[in-house]
K.L.:
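Below are the structure tokens for one structure; questions will follow.
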Amino acid sequence: MKVRLLINGKECWGQRGQTILQIARENGIEIPALCYYEGLLPNGACRLCLVEVKGEKKLVTSCSYPVEKEIEVITETPRINQIRKTIVELLLSDHPYDCMTCEKSGACLLEKYAYRYGIKTPRYTGEKRKVINKQGAPFIVRDYEKCILCGRCVKVCRELVGVEAIDFSGRGFQTRIVSGFDEDLKESECVFCGNCVQVCPVGALREIQAEGKGRTWDFTKVQTICPYCGVGCGIEVSVRDNHIVKITGWNESLVNKGYLCVKGKFAFDYVAHPERLKRPLLRKDRKDRFLQVSWEEALDYIREKFTEIKEKHGPDALAGLASAKCTNEDNYLFQKLFRQVIKTNNVDHCARLCHAATIHGLVQTLGSAAMTNSLKEIEDITDCIIVTGTNVFETQPVTSYLIRKAIQRGATLIVIDPRYTRMAEIAKINLQPRIGTDVLVFNALAKIIVEERLYNQEFVENRVEGFEEFRNWIKNFSLKQAEKIAGLSIESLREVARIYATSKASMILWSMGITQHITGTDNVMVLSNLALLTGQIGKPGAGLAPLRGQNNVQGACDMGVLAEFYPGYQKTEKKETLEKFRKLWDVEELPAKPGLTVVEIIQGCYEGKIKGLYIMGENPLVSDPDISHVQEALEKVNFLVVQDIFLTETASFADVVLPACTSFEKEGTFTNTERRVQKLTRCVEPSGEAKPDWEIIKNLAGKFGYQWNYQSVWDVTDEISAAAPIYAGITARRICLGEAIQWPCPEEKHSGTSTLHVEKFPRGKGLLKCIDYQQPFELPDQDYPFVLTTGRIISEYHTRTMTGKVAGLQEITGEPFCLINHKDAQRMKLKDKDRVEVSSRRGRLRLVVRKTDTLSEGVIFIPFHFLANILTHSELDPVARIPEFKICACQIRKVQ
Ligand code: SF4
Ligand code: SF4
Ligand code: SF4
């Protein structure tokens, strides 16, 4: 509810419950503050934000004074200013006077307020702090002589990140900030998210990478988007002499409001890495070494080889793998090249390996498959958050911050995951079912919801199809059997079902723990059943949230780099789709038959059906299942083109390698996990002769006689809005004006859509599906008695093409490792750091052991970044054709 204030005589409006400081700032009135930071709980410690409130006898701290009714506030009087000046003078009394050489100068709040209150020489001189600097390597300088003990760093670490790596220690003048038991940061729980650096108002915490590179006024600052995960955090990049000096969180971003994780904050060294590809490489015989060639020569050779293959074997002998790391524009042109120019739908990308099951599941039950709400709704509205099959603290750290904030607001967190994840620590209920039993667990919840009449009668009647059939079918579902197989008590399931169904707004968040199974599509549909039964969908804060892994997975899917969809999820076989694209692309003939998907393309290479493969920004030799098989396939394919920023594992098998730009070197758009289309801005010039992917594809199309008339990347953005109805109103003009719009956006005047399916589902009514449980493909046996499961870790990204080149991250990650339950370890006489070989029917891998109690007995976890797919199998979900990365049988033995 709105509330009116008079601040310094000016009429201001805010929300009831907001503080004076928040309302003042929102209305353009600055009140100084050192301990307060937007998004953290206020504690009124520094007293700089004191103001007068009419009717109050004393001055009040505006950061902690909630406004409940109309009040009059004065923020500046001679008395207030004198108090503020004295506070700053006292802080300066034990602070070094070295602003002239301090790296923070120009961005330091203490310096700013000293200037503002005219403090030239110290009025009070006290003992200076002599704090021994504590190591913050690999990324953070901890210069605690400059610390003013405002507590912002402690608060952000505790409240937002949830790590509590640092705290106050000592009393009085001896008070200081310490990590762990006063040790180096690396020895503590710190995950190097850098948020303490971001919020520190002075130079006590700084970025090591920026030391000696200049001060704030020396840098050009460019706002763009983090190149890593699907959250799509806004970042501000400081650039000097065409080099990235540091990255800070972009406070204006609608997504992250300035907070980041370790990758977004510190992992940019790969951009200027000496191993970056700078010129096209070519070899006419795979036994030869690569030669550097001109762009003309490389593109001519690709045209020649592709034409030869097409003429001899037809267009379907060619295939392309696009990239969830590339922009919408790059991906749009990639599929256009294959469909318009080459005439095949053999174009796919790694979403097939992560969320294809989400797409196929939700398209069946709702008619469209994207996150149904915005991240902000989770933070502000959702009352019950179920997190399942996603280790969100490691995979989408900033989303985990939003969940923490939701809990502070009073929301209930329920975690259902075979692993004990970091989010489980703060969950009201944490359930650890046996791996691969998701269908049973969520069917059990559905049964309880129906049995206890917790379903939403009105919603089911008006918006859902198949309820009677579902009700009859679920009658025969045995809770006892679910309890036995999944290893969860019926009582705990009842508690979850009740909270989920009766909360005002419930949301289910998931990622690959749900999708990467042979029953991935089924797993998604049983989640969808819960939302449809309870009406926890189609309203703010309630819905289904498939969390995207890579930065532009959502966008790449939207752009139609999927074998069965043209841009905007328009089916390849549909007449209207073909008609539309024939007109748009001014071409007679387009392929209708759905193409091959990622795993099928690799199999096609292996079997000799695919003769030519073009891979843009993907590294299947690490990301695909059964890597040895992938390697054989790549060796067999007649002609391989790889377009990337480094000579990756995959690129080293290629005939032609094309040097591409990183996201810091090009423009375009990314679409984040919540369907928000955001502008990517160029920060530095490309490395050597590297080009933006879209430009390379455009030039290649030109070689085939298709002169695409794009003057800039923004012409492609406009073509996307003509091609994909969900992007119709997302024009280059709006993006360049700084709008970050959530699709669907049907026209230019439309402001975008935060909550989906408010009135109806794209398929009309939501469909309930009766789904029977099916066992995983490969279970442990005598030869391979352990279950192997894979996942991500916070300090790495995907196939490590980027993070592997960031020395600081490698220091954090350490040696490639596997996790094993401490009881199993004890039984096998394994200690931490012992070297082991983990083997499966497909391969073997050497790692070091880390014991854990986050896994059940009999389960081994390997981060997939460490070539874990040498061990996994490629059995597919029959519908989404996603492989079962999450479960296979393995053995472990100690080696020297
Ligand atoms: S870097 Fe992050 S985890 Fe480490 S101390 Fe700072 S806020 Fe805490
Ligand atoms: S290190 Fe910075 S943020 Fe932390 S208490 Fe000191 S001045 Fe405040
Ligand atoms: S949460 Fe994701 S988008 Fe945000 S900074 Fe981290 S990696 Fe980047």
Side-chain angles (χ1 to χ4, degrees), residues 34-37 40 45-46 91 95 104 108-110 129 131 134 136 138-168 175-180 184-186 188-207 224-235 247-250 253 255-268 375 392-402 547-552 663 670 672-673 678 792 794-798 802-803 812:
L34 281 166
C35 68
Y36 174 79
Y37 195 86
L40 302 179
C46 76
L91 286 172
H95 191 88
K104 184 87 175 191
C108 170
L109 270 188
L110 193 62
R129 272 174 206 285
V131 185
K134 283 288 173 191
F139 292 120
I140 301 173
V141 177
R142 304 168 87 196
D143 198 351
Y144 284 138
E145 278 114 332
K146 296 184 199 295
C147 176
I148 58 168
L149 295 170
C150 68
R152 284 182 180 189
C153 56
V154 175
K155 278 196 292 180
V156 80
C157 191
R158 181 186 303 147
E159 289 170 20
L160 199 86
V161 189
V163 163
E164 301 188 39
I166 47 177
D167 209 339
F168 289 98
T175 309
R176 61 209 170 92
I177 305 293
V178 298
S179 48
D184 291 351
L185 209 48
K186 221 174 124 205
S188 74
E189 289 286 295
C190 176
V191 290
F192 291 93
C193 66
N195 289 307
C196 51
V197 181
Q198 174 88 10
V199 301
C200 182
V202 295
L205 298 173
R206 307 189 302 269
E207 298 87 351
T224 187
I225 306 302
C226 172
Y228 288 104
C229 87
V231 181
C233 292
I235 52 175
I247 288 178
T248 44
W250 178 22
S253 162
V255 176
N256 58 311
K257 301 188 192 93
Y259 297 111
L260 297 174
C261 78
V262 61
K263 294 192 286 292
K265 171 78 183 158
F266 296 117
F268 57 83
L375 292 169
V392 66
F393 179 83
E394 309 254 353
T395 55
Q396 283 202 354
V398 169
T399 303
S400 79
Y401 308 161
L402 304 182
L547 301 178
R548 301 303 196 152
Q550 301 197 63
N551 53 342
N552 201 33
S663 66
F670 283 150
N672 79 349
T673 193
Q678 306 193 93
R792 295 162 191 244
I794 196 167
S795 56
E796 293 293 349
Y797 177 71
H798 216 243
M802 292 140 78
T803 51
I812 297 170

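Computed from a predicted model, the values in this text were never measured in an experiment. Every number for a ligand or one of its atoms is a count from 1 in the order of the listing. One-based numbering along the sequence shown.
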K.L.:
Is any side-chain heavy atom of M802 closer than 4.5 Å to a side-chain heavy atom of K263?
P.N.:
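No, too far: nothing below the 4.5 Å cut-off.
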K.L.:
I need the minimum non-hydrogen distance between L205 and V197, along with the two atoms involved.
P.N.:
O-CG1, 3.7 Å
K.L.:
Would you call the rings of Y797 and Y228 parallel, tilted or perpendicular, taking 30° and 60° as the class edges?
P.N.:
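It falls in the perpendicular class, over 60°.
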K.L.:
Identify the closest protein heavy atom to atom 8 (Fe) of ligand 1: which residue and atom is it, and at what distance?
P.N.:
C157 SG, 2.4 Å
K.L.:
Return the residue, atom name and 0.1 Å-rounded distance of the protein heavy atom closest to atom 4 (Fe) of ligand 3.
P.N.:
C233 SG, 2.3 Å
K.L.:
Could you tell me which non-hydrogen atom of E207 sits nearest to which non-hydrogen atom of T248, and how far apart they are?
P.N.:
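That would be OE2-CG2, 4.0 Å.
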K.L.:
P201 versus C150: any side-chain heavy-atom pair under 4.5 Å?
P.N.:
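Of all side-chain heavy-atom pairs linking C150 with P201, at least one is under 4.5 Å.
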K.L.:
What protein heavy atom lies closest to atom 5 (S) of ligand 2? Include the residue and the distance to one decimal.
P.N.:
G151 N, 3.3 Å
K.L.:
Give the atoms of ligand 1, by number and element, whose distance to some non-hydrogen atom of F192 is under 4.0 Å.
P.N.:
1 (S), 4 (Fe)
K.L.:
Looking only at heavy atoms, what is the nearest atom pair of K104 and C200, with distance?
P.N.:
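Minimum heavy-atom contact is NZ-O, 3.0 Å.
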K.L.:
Over all heavy atoms of both residues, which pair between L260 and N195 is shortest? Give the atoms and the distance, please.
P.N.:
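Nearest pair, atom of L260 first, then N195: O-ND2, 2.9 Å.
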K.L.:
Just which atoms of ligand 2 are under 4.0 Å from any heavy atom in V202?
P.N.:
7 (S)
K.L.:
Any atoms of ligand 2 less than 4.0 Å from a non-hydrogen atom of C147? List them with their elements.
P.N.:
1 (S), 5 (S), 6 (Fe), 7 (S)
K.L.:
Out of all atoms in ligand 3, which are within 4.0 Å of some heavy atom of Y228? Include the element for each.
P.N.:
7 (S)
K.L.:
Which residue and atom name correspond to the protein heavy atom nearest atom 6 (Fe) of ligand 1, and how close is it?
P.N.:
C196 SG, 2.3 Å
K.L.:
For ligand 2, which atoms sit closer than 4.0 Å to a heavy atom of L149?
P.N.:
5 (S), 6 (Fe)
K.L.:
Atoms of ligand 3 less than 4.0 Å from G232 heavy atoms?
P.N.:
3 (S)
K.L.:
Counting backbone and side chain alike, does C200 bring an N/O/S atom below 2.8 Å of atom 8 (Fe) of ligand 2?
P.N.:
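Not a single backbone or side-chain N, O or S atom of C200 is under 2.8 Å from atom 8 (Fe) of ligand 2.
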K.L.:
Using a heavy-atom cut-off of under 4.0 Å, does the side chain or the backbone of C153 touch ligand 2, or both, or neither?
P.N.:
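Both backbone and side chain.
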K.L.:
Output the list of atoms in ligand 3 that are nearer than 4.0 Å to some heavy atom of V398, sorted by atom number.
P.N.:
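Result: 1 (S), 4 (Fe).
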K.L.:
So which bit of C226 gets within less than 4.0 Å of ligand 3, heavy atoms only: side chain, backbone, both or neither?
P.N.:
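It is the side chain that touches ligand 3; the backbone stays farther off.
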K.L.:
Between P138 and I812, is any pair of side-chain heavy atoms under 4.5 Å apart?
P.N.:
yes
K.L.:
Identify, by atom number and element, the atoms of ligand 1 in contact range of I140, meaning under 4.0 Å from any of its heavy atoms.
P.N.:
1 (S)
K.L.:
Would you call L149 and I177 a side-chain contact if the rule is heavy atoms closer than 4.5 Å?
P.N.:
yes
K.L.:
Should you measure from each heavy atom of I148, which atoms of ligand 2 turn up under 4.0 Å away?
P.N.:
6 (Fe), 7 (S)
K.L.:
Can you name the atoms of ligand 3, numbered from 1 with element, that are less than 4.0 Å from a heavy atom of L260?
P.N.:
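Every atom of ligand 3 under 4.0 Å from some heavy atom of L260: 5 (S).
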K.L.:
Minimum heavy-atom separation for I247 and K265, please, with both atom names.
P.N.:
O-NZ, 2.9 Å
K.L.:
So which heavy atom in the protein is nearest atom 2 (Fe) of ligand 1, and how far is it from that ligand atom?
P.N.:
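The protein heavy atom lying closest is C193 SG, 2.3 Å.
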K.L.:
Grab the two heavy atoms, one from A165 and one from C190, that are nearest each other, plus how far apart they are.
P.N.:
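Smallest heavy-atom distance, with atoms named: CB-N, 3.5 Å.
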K.L.:
Give me the nearest non-hydrogen protein atom to atom 3 (S) of ligand 1 as residue plus atom name, then the distance to 0.1 Å.
P.N.:
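Sorting protein heavy atoms by distance from atom 3 (S) of ligand 1 puts V191 N, 3.5 Å first.
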K.L.:
Nearest 0.5 angstrom please: Q678 CD to I225 CD1, how far?
P.N.:
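Atom-to-atom, Q678:CD and I225:CD1 are 4.0 Å apart.
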